[in-house]
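Only a predicted model underlies this, so the values are computations on that prediction, with no experimental measurement involved. Throughout, a chain's letter reflects where its sequence line sits, starting with A, and its residues are numbered from 1.
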Amino acid sequence: MKVKDLTDIPKAYNPKVVEDKWYKYWEENKIFHSEVDESKESYTIVIPPPNVTGMLHLGHILNNTLQDIFIRYKRMKGFNALWVPGTDHASIATESKVIAMLKEQGINKYDIGRKKFLEHCWDWTDKYGGIIIQQLRKLGVSCDWDRLRFTMDDHYYEKVVEAFVKLYREGLIYRGYRMVNWDPASKSAISDEEVLFKEVKGKLWYMRYPIKDTEEYLVVATTRPETMLGDTGVAVNPNDERYKNLIGKSVVLPIVGREIPIFADEYVDLEFGTGAVKVTPAHDVNDYDMGQRHDLEIINIFNDDASTNSNVPEEFRELDRYEVRKKVVAKLEELNSIEKIEDYTNKVGYSDRGGVPIEPYLSEQWFMQMDDLSKSALKVVREGKVKFHPHHWIKTYEHWMGGIRDWCISRQLWWGHQIPVWYHKETNDIYCDVNPPEDIENWRQEEDVLDTWASSWLWAQDVFTSEEEQKYYYPTDLLVTGPDIIFFWVARMIIAGMKFMNDIPFKDVYFTSIIRDDKGRKMSKSLGNSPDPIDVMNDYGADALRFTVNYIAPLGQDVLFSSEKTELGRNFANKIWNAARFLLMNAQDVELDETLLNKHIDFTDEWILSRFQNTLQKFEKALDNFDVNGATKIIYSYVWNDFCDWYIELSKNRMYSDDAEVKAAVLTRSLSLFAEMMKLIHPFMPFISEEIWQLLDERKEGESISTSDFPKQNVELINETAEKEMEFVQDVITAIRNIRGEMNIPPSKIIALYLKTESLSQVQQDYIKSIAKVDELVVDKIIDKPKASASAVVRGCDIFIPLEGLIDLDVERNRITKEINRLEGMMVGVSKKLSNEKFVNNAPAEVVEKEKAKQTDWQNSIDKLKIILSDLN
RNA sequence: GGGAGUAUAGCUCAGUUGGUUUAGAGCGCCUGCCUUACAAGCAGGAGGUCCUUGGUUCGAAUCCAUGUACUCCCACCA
């Protein structure tokens with residue numbers, strides 16, 4: 001054992017130099033690479049592939065740090081750990097970005113055609129797709145970069161197509177003319193999950209529809225007056241007395257002049273509006289259903305960009321939906337057909353990606369039948385084969401899976417996996433296969449591509465490119481993702497796993513918190529409250545950010561983040577750095593020797609090892625239960641409070657000893673424990689732990705803490721006797737510090753101490769003397785209180801500090817009185833319990849004993865303090 | 001209209017199966033300290049009706065119920 005020769009160690013930790021250096025080292029030495037190895041158990045995580053359009057944000061930081069923590073922990077525990085990285089082609093998101101980019105150059109997608117457009121998409125992917133991957137390296141993630149995957153890689157593409165063909169042949173994928181959510185911006189269908197409902201302040205228009213052959217009219221209320229151009233009926237509730245006589249009659253549609261029936265349908269709510277509903281089967285889901293029930297005509301009035309088509313009167317054609325709304329309302333007012341207009345707030349569905357209101361729209365689409373597919377996926381989660389953390393997300397999952405509807409998987413886009421279906425040019429026959437038909441000239445391929453999620457749902461199984469690998473690594477162990485994509489991705493991956501692999505895709509799912517700003521608001525570009533993680537890492541270090549985010553992120557609750565909070569992690573890194581610096585500097589000229597590990601041992605050594613074991617146990621338990629936040633706190637308090645505040649301080653006695661062997665022994669021990677500590681830190685703060693671990697001893701080329709053995713639990717090192725001895729010393733020192741503090745006795749002032757107890761070991765006495773700056777320490781069972789002294793009672797023992805000339809009697813009286821009051825307050829509770837017969841009779845004997853012991857101890861202390869107080873008076 | 005979560009110190013949160021916690025931590029605040037690892041630090045201190053009201057129990061921050069407040073998800077009400 002030999003520490004690195006160091007001439008100058010910087011006083012403050014500088015992450016910049018350290019972090020880049022080690023990441024390079026890890027990559028060069030392929031520390032994160034994994035190969036199939038049947039002699040070892042695998043531990044696998046697949047990264048939630050970020051979009052190629054994406055930039056790193058704080059959500060990624062939390063998410064990827066968590067994955068890295070688990071993968072590094074398991075790697076050190078001896079698993080063959082593999083973390084597969086990759087990116088998602090993100091069909092609609094990327095396509096709209098490329099369209100926008102081309103638009104700036106005056107280029108239109110349709111003008112250049114599919115082939116050329118896709119080239120632009122690939123260019124975009126090559127140019128921007130790697131950014132986020134590069135940014136992740138800065139965070140220190142231990143992905144196996146030799147396995148970087150993309151959802152449009154050849155192998156992956158084939159697998160997506162294969163899955164489609166298989167499901168099509170089983171009749172689970174079908175084509176249908178249906179009402180879908182239409183995004184007029186991208187001119188594509190989107191799935192139900194991609195629709196976000198927003199509250200929008202709008203109006204409710206009451207419109208008069210003249211009843212045929214009468215002077216009367218029927219008033220209908222609507223939020224979308226323009227759709228009246230496509231009305232083909234008016235519905236009322238069958239039980240509505242107001243309109244009973246009108247059922248079967250018809251109205252004449254204003255502007256259009258079309259005669260449309262009045263009919264009865266249970267769907268209509270008597271309370272809302274006028275109780276009469278205009279029905280537009282082509283542009284509203286409910287209206288469509290009513291149209292089907294009552295055999296109404298379906299008139300589509302919109303083009304695919306939601307402008308009006310030739311099915312409306314000429315003067316209203318080729319207008320945007322909001323333009324035509326104004327025009328229709330104006331016209332109706334002119335015709336005196338508007339009864340009134342009310343303010344009304346309703347929920348409008350917006351396209352998640354396009355950002356514009358979606359349009360219910362009838363079109364030919366491909367659907368996946370989800371009913372049967374979802375059954376086994378629901379079962380494995382219910383049975384706990386796939387476990388959710390926090391567990392309560394299971395309810396959300398069950399709810400969605402229970403009411404699952406068919407999935408619209410076709411998109412009228414070009415960037416993505418083109419649907420492997422060909423239509424015969426003459427017969428219109430359908431051909432579906434992984435390979436195109438041989439007489440390709442007679443066929444034309446389906447233009448549509450698949451929903452992005454209909455490719456990424458295979459991520460957990462098809463990032464592995466050989467059967468051997470798939471068999472070895474699948475099922476993966478852990479998925480870390482946000483609860484916002486539980487339906488989009490998590491559920492569908494489980495479905496795909498059960499369908500194509502007949503096995504679950506992962507054993508545990510960790511749902512991360514949502515990062516908000518320090519006021520609890522969502523991070524957003526427009527608010528400018530979203531710090532760039534790269535800046536934060538430059539300012540504070542990647543380790544600091546990683547540690548901080550986890551320290552403040554409880555499982556399942558939002559994280560309130562601001563850049564300044566990263567000081568917590570930075571300060572901790574600096575603390576670790578300085579503790580290491582202290583040991584390393586002292587070890588420079590010392591002959592370290594591992595045979596000294598068990599020499600010159602005292603209770604403080606036993607205590608710190610005992611505490612380490614205790615910490616290790618709690619740490620592993622926390623991580624095994626996915627309580628990452630808890631693990632950060634456990635390690636933080638051990639390093640800072642136990643190791644730095646107490647152990648290092650106490651070790652100085654021997655560190656500065658004249659006996660070289662004593663010094664060497666204490667340093668050897670501290671350094672070797674420090675190396676073990678670094679291993680617990682490593683999953684959270686990989687860079688600083690590697691840096692220090694490398695300094696602590698001579699390491700071979702290519703060696704890394706990442707692949708070192710994680711500390712093993714050893715119950716034999718738990719030492720209660722040592723802990724008791726230590727606690728007594730700590731309490732005495734704390735009591736003295738308290739007196740010093742409250743009496744304003746300078747730390748430099750050396751004091752005497754009288755300790756009234758049977759006996760106290762010489763080592764304990766020595767530590768008390770050095771830490772508390774005591775020169776004369778008297779320990780005896782018979783001690784008379786010296787004159788003008790401050791006092792305290794520690795674990796039943798009187799302690800006195802003679803302070804002739806320094807003591808302020810008022811302050812001392814206050815101190816003692818405060819302590820008596822505190823103890824008496826506690827006594828009230830205990831006495832009440834013990835005088836309660838029911839408690840004494842019913843509570844377990846040991847609990848009663850404990851309470852009695854407390855009572856005796858406290859009473860004892862109170863008595864002593866009272867004597868002290870009366871002496872003062 | 002359904003469902004989920006949260007409420008503990010000025011702020012952000014811990015608090016393990018009810019009694020080992022005298023309700024803790026970080027930040028902030030107050031008072032001392034440049035004590036030869038660390039001022040990004042050390043030491044001491046102040047600060048809490050554990051959201052309300054009931055219930056279960058010998059015993060409740062902890063379990064149950066009710067209410068209140070905030071957050072989020074799902075749902076086709078024109």
Query raised in the report: What one-letter contact string describes nucleotides 24-34 of chain B from 5' to 3', where B marks a base within less than 4.0 Å of any protein heavy atom, S marks contact via sugar-phosphate atoms alone, and - marks no contact?
Result: -SS----S-S-

Report task. Name the residue closer to the 5' end of RNA chain B, choosing between A:Val559 and A:Lys621 according to the nucleotide with the nearest heavy atom. Result -> A:Val559

Query raised in the report: For atom C1', what is the distance between B:G15 and B:U71, given to the nearest Å?
Result: 22 Å

Query raised in the report: So what does A:Asn346 hit on the nucleic acid, given a heavy-atom distance under 4.0 Å: a base, only sugar-phosphate, or nothing?
Result: sugar-phosphate

**Report entry** Which nucleotide in B:U22, B:C58, B:A78 has an atom nearest any side-chain atom of A:Asn842
**Finding:** B:C58

Requested in this report: Check whether any side-chain nitrogen or oxygen of A:Lys575 sits under 4.0 Å from OP1 or OP2 of B:C42, and answer yes or no.
Outcome: yes

Query raised in the report: Across the strands shown, which category fits A:Glu649 at heavy-atom distances under 4.0 angstrom: base, sugar-phosphate, nothing?
Result: base

**Report entry** Gap in Å between the two P atoms, one belonging to B:G41 and one to B:U35, rounded
**Finding:** 16 Å

Query raised in the report: Which part of the nucleic acid does A:Asn841 contact within heavy-atom distance under 4.0 Å: base, sugar-phosphate only, or nothing?
Result: nothing

Query raised in the report: For the pair made of NE2 in A:His389 and C1' in B:G5, what is the distance, rounded to whole Å?
Result: 18 Å

Requested in this report: Give a yes or no on whether the ring-centroid distance for A:Phe263 and A:His294 is below 6.0 angstrom.
Outcome: yes

Report summary line: By nearest-heavy-atom nucleotide on RNA chain B, the more 5' of A:Val840 and A:Leu270 is A:Val840

Query - Residue A:Lys4 excluded, over 12 heavy atoms near NZ under 6.0 Å - result: yes

Query - Short side-chain N/O contact from A:Tyr656 to OP1 or OP2 of B:A37, under 4.0 Å - result: yes

**Report entry** Atom C1', compared across B:A37 and B:C11: separation rounded to whole Å
**Finding:** 31 Å

Query raised in the report: Taking side chain as C-beta onward, heavy atoms only, is A:Leu834 less than 4.5 Å from A:Val848?
Result: yes

Query - Span that lies between the C1' atom of B:A61 and that of B:C13, in whole angstrom - result: 15 Å

Query - Sugar-phosphate only, base, or nothing, as touched by A:Phe487 at under 4.0 Å among non-hydrogen atoms - result: sugar-phosphate

Requested in this report: For A:Val220, report the nucleic acid contact type (base, sugar-phosphate, nothing); a contact means any heavy atom under 4.0 Å.
Outcome: nothing

**Report entry** Sugar-phosphate only, base, or nothing, as touched by A:Gly275 at under 4.0 Å among non-hydrogen atoms
**Finding:** base

Report task. Report yes if a side-chain nitrogen or oxygen of A:Tyr206 is closer than 4.0 Å to either non-bridging phosphate oxygen (OP1 or OP2) of B:A78; otherwise report no. Result -> no

Query raised in the report: If only side-chain N and O atoms of A:Lys395 are considered, is one of them under 4.0 Å from the OP1 or OP2 phosphate oxygen of B:C73?
Result: no

Query - Centroid separation A:Phe684 to A:Tyr551 less than 6.0 Å - result: no

Query - Sugar-phosphate, base or nothing in reach of A:Arg570, heavy atoms under 4.0 Å - result: base

Query raised in the report: What does A:Pro844 touch in the nucleic acid at a heavy-atom separation under 4.0 angstrom: a base, only the sugar-phosphate, or nothing?
Result: base

Query raised in the report: So does A:His392 have more than 12 non-hydrogen atoms from other groups sitting under 6.0 Å from NE2?
Result: yes

Query raised in the report: Taking atom types as modelled and ignoring hydrogens, do the side chains of A:Asp269 and A:Asn237 form a donor-acceptor contact shorter than 3.5 angstrom?
Result: no

Requested in this report: Using a 4.5 Å cut-off on heavy atoms from C-beta on, say whether the side chain of A:Asp539 contacts that of A:Thr566.
Outcome: no

**Report entry** pair A:Ile358-A:Tyr350: side-chain heavy atoms closer than 4.5 Å
**Finding:** no

Query raised in the report: Under 4.0 angstrom, heavy atoms only, what part of the nucleic acid is A:Asp269 near: base, sugar-phosphate, or nothing?
Result: base

Query raised in the report: When rounded to the nearest Å, what value does the distance between C1' atoms of B:C34 and B:A40 take?
Result: 15 Å

Query raised in the report: If you draw a 6.0 Å radius around NZ in A:Lys621, do more than 12 non-hydrogen atoms from other residues or ligands fall strictly inside?
Result: no

Report summary line: d(A:Ile635 CD1, A:Met677 CE) to nearest 0.5 Å is 7.0 Å

Report task. Indicate whether OP1 or OP2 belonging to B:C42 is found under 4.0 Å from a side-chain N or O atom of A:Trp640. Result -> yes

Report task. Considering only atom C1', compute the distance from B:U68 to B:U53 and round it to an integer number of Å. Result -> 11 Å

Query raised in the report: To the nearest angstrom, how far is A:Trp646 atom CH2 from B:C42 atom P?
Result: 13 Å

Query raised in the report: What is the nucleic acid contact for A:Arg516, judged by heavy atoms within less than 4.0 Å: base, sugar-phosphate only, or nothing?
Result: sugar-phosphate

Query raised in the report: B:A37 phosphate, OP1 or OP2: any side-chain N/O from A:Lys652 under 4.0 angstrom?
Result: yes

Query raised in the report: Looking for any heavy atom pair under 4.0 Å, which part of the strands does A:Leu583 touch: base, sugar-phosphate only, or nothing?
Result: nothing

Query raised in the report: Which listed nucleotide (B:C58, B:U20, B:U12) is nearest to the side chain of A:Phe839?
Result: B:C58

Requested in this report: Report the distance from atom NE2 of A:His392 to atom P of B:U6, rounded to the nearest whole Å.
Outcome: 7 Å

Query raised in the report: To the nearest angstrom, how far is A:Phe197 atom CZ from B:C72 atom C1'?
Result: 17 Å

Query raised in the report: Between the side chains of A:Ser563 and A:Lys565, does any donor sit under 3.5 Å from an acceptor?
Result: no

Query raised in the report: Do the side-chain N and O atoms of A:Asn550 and A:Thr632 include a donor-acceptor pair separated by under 3.5 angstrom?
Result: no

Requested in this report: Could you state the atom-to-atom distance from CG of A:Asp857 to C1' of B:U20 in whole Å?
Outcome: 13 Å

Query - Pairing string, 5' to 3', for RNA chain B - Watson-Crick or wobble contacts under 3.5 Å, brackets [ ] where pairs cross, | to another strand - result: (((((((..((((.....[....)))).(((((.......))))).....(.(((..]....))).))))))))....

Requested in this report: Decide if the gap between the ring center of A:Phe388 and the ring center of A:Trp393 is smaller than 6.0 angstrom.
Outcome: no

Report task. For A:Tyr344, report the nucleic acid contact type (base, sugar-phosphate, nothing); a contact means any heavy atom under 4.0 Å. Result -> sugar-phosphate

Query - Touch class at under 4.0 angstrom, heavy-atom based, for A:Lys347 against every strand present - result: base

**Report entry** Rounded distance in Å between the P positions of B:U16 and B:A39
**Finding:** 37 Å

**Report entry** Per-nucleotide protein contact string for nucleotides 45-50 of chain B (B base, S sugar-phosphate only, - none; heavy atom under 4.0 Å)
**Finding:** SS----

Query raised in the report: Should the ring pair A:Trp640 and A:Phe572 be called parallel, tilted or perpendicular, given that the plane angle runs from 0 to 90° and is split at 30 and 60?
Result: parallel

Report summary line: To the nearest angstrom, the CZ-C1' distance between A:Phe272 and B:A78 comes to 6 Å

Report task. Check the distance between B:C38's C1' and A:Asn578's CG and give it to me in whole angstrom. Result -> 3 Å

**Report entry** Given B:G19, B:C13, B:C73, the nucleotide with the shortest approach to the side chain of A:Leu560
**Finding:** B:C13

**Report entry** Atom pair distance, as rounded to whole Å: CE in A:Met207 and P in B:A78
**Finding:** 14 Å

Query raised in the report: Taking the same atom, P, in B:U17 and in B:A75, what whole-Å distance lies between them?
Result: 35 Å

